[in-house]
Amino acid sequence: MRASKMRAARCLVALVLLGAPMASAAEYRLAIGDTLETSVVGIPELQQRIQVNRDGEISIPLGGQVRVDGLTLAEVRDRIRKLLPSKEFRRRNEAGREYPVIIAPSDIDVRIAEYRPIYLTGDVSKPGEVPYRPGLTLRQAVSLAGGYDIMRFRMNNPFLEQSDLRAEYNSLWADFAKEQVHVARLKAELDGKTEIDRTDLIDTPLPSAVAARVHELEAEKLRTRSSDFDKERSYLKEAVAKEEGRIRILTEQQTKETAGVDDDNEEFKRVQDLLQRGSVPITRVVEARRSLLLSSTRQLQTAAQLAQVDRERDEFSRKSTKLEDDRRLELLNELQEANVKLSGIQFRLKALSEKLVYVGMVRSQLVRGTGSKPQLTVFRKTEKGGVDNLTVTEDAELSPGDVVEVSLQSDFLPGLPAR
């Protein structure tokens, strides 16, 4: 019961404070951050602007430190008028001689040159400090801060903005559709398939004819690339097979020629034995030697040709293996780049969709033209050093040093969660 009475009393105080205009300059009590201007009639040297320092004091010529925190302007003026006439002020005439000047209390004036600023935070375009002037309302302060700004996100005309974002959104979907089929085609190539697997493809909002054309083009690329690879691989395999056939023929020929060399060598030895016995003429030995040389030469030529063909077979075999390895490496690199690109498109689509939702809500709000109001809270320092937390309207008058928090509610922009 007691707590309820205290809350009611606080609400009554807030209504009284915010329902009535701020106290006049004569009743206003100075605080740290206010700037005063002091002047003396006929003595411009004593005119100055002084800000109340953190100790609640100001420093004036001839008077030194004067405490003003918590005093009204009239009280400060009276204090300074009592202080300055007791001080001697000397001036120089045209001849350069000094003479004393009598300061009358009525010649001393003190006024407020600048009030403490107010501070706006939250959903305004330019949060921060706003200069105060007497009679300043919260509506005026928000205008000085650039107006309300939901999530501090600035935009142009939301109708045009939504159209541009929608075009970009559709373009990104086209890129996404193309890239995901590209990825599927690369996977099919790596697996040696002739058809693209569409089971894992994400449906896109593209027209069916456009999506079908994208699939058709990638399928044609798959068929063409697979055909080119198969032709190149078949050519190398056939080349290897041909060389192996030549190797078989040359091997058989080499075997026969080796046997012929052995026979010619035996014949040459036999004829030499007969020559030593005197059974054959020397011409017979010469002919046997010539036959041995011819058969040995043919054997060497066949061996050299066999070695050359064997090297060519190994080269074609190496090219065939390299062809497959290079193709796989190329496909893996292309697939990696395609996956990175696809992920980037997905992130951009997500961000763009969030922008479209926001712009759509702003556009809807402008079309509906609701009269909902933001939540406005004023934090005001009390004379006892505390801080009052006051809920106000846009027409409430502010006081110097007020801190205002602006929060746009869900009914101010449909779809935004309440803070």
Side-chain angles (χ1 to χ4, degrees), residues 120-128 142 145-189 196-222 331-372 374-375 406-419:
L120 271 72
T121 183
D123 296 322
V124 290
S125 296
K126 296 181 290 185
V142 170
Y148 298 117
D149 193 359
I150 300 156
M151 295 186 292
R152 302 182 184 86
F153 178 79
R154 302 296 292 168
M155 67 164 58
N156 299 319
N157 187 316
F159 296 90
L160 299 179
E161 190 85 6
Q162 187 180 44
S163 178
D164 293 341
L165 289 174
R166 177 61 64 182
E168 185 180 354
Y169 185 72
N170 291 334
S171 177
L172 276 179
W173 268 118
D175 292 340
F176 178 84
K178 178 182 176 181
E179 202 60 33
Q180 73 166 348
V181 180
H182 180 203
V183 170
R185 190 254 296 171
L186 293 173
K187 290 180 178 178
E189 283 192 67
I196 297 176
D197 186 3
R198 302 186 182 184
T199 55
D200 295 332
L201 298 182
I202 300 175
D203 293 333
T204 64
L206 296 180
S208 56
V210 176
R213 183 59 179 165
V214 171
H215 287 288
E216 181 182 344
L217 290 174
E218 287 296 331
E220 181 64 26
K221 287 182 181 179
L222 175 61
L331 287 173
L332 288 173
N333 289 333
E334 190 176 351
L335 180 61
Q336 184 181 36
E337 293 178 1
N339 280 322
V340 171
K341 185 176 180 180
L342 186 63
S343 298
I345 295 174
Q346 286 178 307
F347 289 134
R348 290 167 60 194
L349 273 172
K350 182 179 179 181
L352 200 57
S353 64
E354 292 174 353
K355 287 184 180 180
L356 275 170
V357 170
Y358 172 70
V359 174
M361 290 189 296
V362 174
R363 183 178 184 274
S364 174
Q365 177 68 18
L366 291 176
V367 172
R368 289 170 52 190
T370 65
S372 301
Q375 179 177 323
V406 179
S407 178
L408 297 175
Q409 301 301 292
S410 57
D411 58 348
F412 191 82
L413 249 195
L416 286 180
R419 297 186 182 182

Subject >> Partners meeting side chain to side chain contact (heavy atoms under 4.5 Å, CB included) with Leu332 (sequence neighbours left out) >> reply: Leu190, Arg328
Original post:
So Trp173 and Ile345, side chain to side chain contact (heavy atoms under 4.5 Å, CB included) or not? Walk me through it.
Top reply: CA-CA 8 Å; Trp173 268 118; Ile345 295 174; over 6 Å; no
Original post:
Ile202 and Gln346: which non-hydrogen atoms are nearest, and at how many Å?
Top reply: CD1-NE2, 4.4 Å
Original post:
Pick one: which of Glu216, Glu218, Glu179 meets salt bridge (Lys or Arg N to Asp or Glu O under 4.0 Å) with Arg185?
Top reply: Glu218
Subject >> Spacing of CZ belonging to Phe347 relative to CG belonging to Leu342, to within rounding of 0.5 Å >> reply: 10.5 Å
Original post:
Any idea which heavy atoms bring Leu201 and Asp197 closest together, and the distance?
Top reply: CG-O, 4.3 Å
Original post:
Of the non-hydrogen atoms in Gly146 and Ser125, which two are nearest, and what is the gap between them?
Top reply: O-OG, 3.2 Å
Return all side-chain donor-acceptor pairs below 3.5 angstrom for residues 333-341, not counting sequence neighbours, or 'none' if the list is empty.
{"unit_1": "Asn333", "atom_1": "ND2", "unit_2": "Leu329", "atom_2": "O", "d": "3.4"}
{"unit_1": "Glu334", "atom_1": "OE2", "unit_2": "His182", "atom_2": "NE2", "d": "2.9"}
{"unit_1": "Asn339", "atom_1": "ND2", "unit_2": "Leu335", "atom_2": "O", "d": "3.2"}

Subject >> Exercise: identify the closest heavy-atom pair between Ala184 and Ile196 >> reply: CB-CG2, 3.6 Å
**OP:** Please check if the side chain of Ser171 supplies one atom and the backbone of Ala167 the other of a donor-acceptor pair under 3.5 Å.
**Re:** no
Original post:
Should Thr204 and Gln180 be marked as a side chain to side chain contact (heavy atoms under 4.5 Å, CB included) after you check the CA-CA gap, both sets of side-chain angles, and the distance that decides it?
Top reply: CA-CA 11 Å; Thr204 64; Gln180 73 166 348; 4.0 Å; yes
Original post:
Hey, what do you get for OG (Ser208) to CZ (Arg213), rounding to the nearest 0.5 Å?
Top reply: 14.0 Å
Original post:
Could you walk me through whether Val181 and Arg198 pass the side chain to side chain contact (heavy atoms under 4.5 Å, CB included) check?
Top reply: CA-CA 8 Å; Val181 180; Arg198 302 186 182 184; over 6 Å; no
Original post:
Rounded to the nearest 0.5 Å, how far does CD of Glu354 lie from CG of Leu349?
Top reply: 11.5 Å
Original post:
Rounded to the nearest 0.5 Å, how far apart are CG of Asp175 and CG of Asn170?
Top reply: 11.0 Å
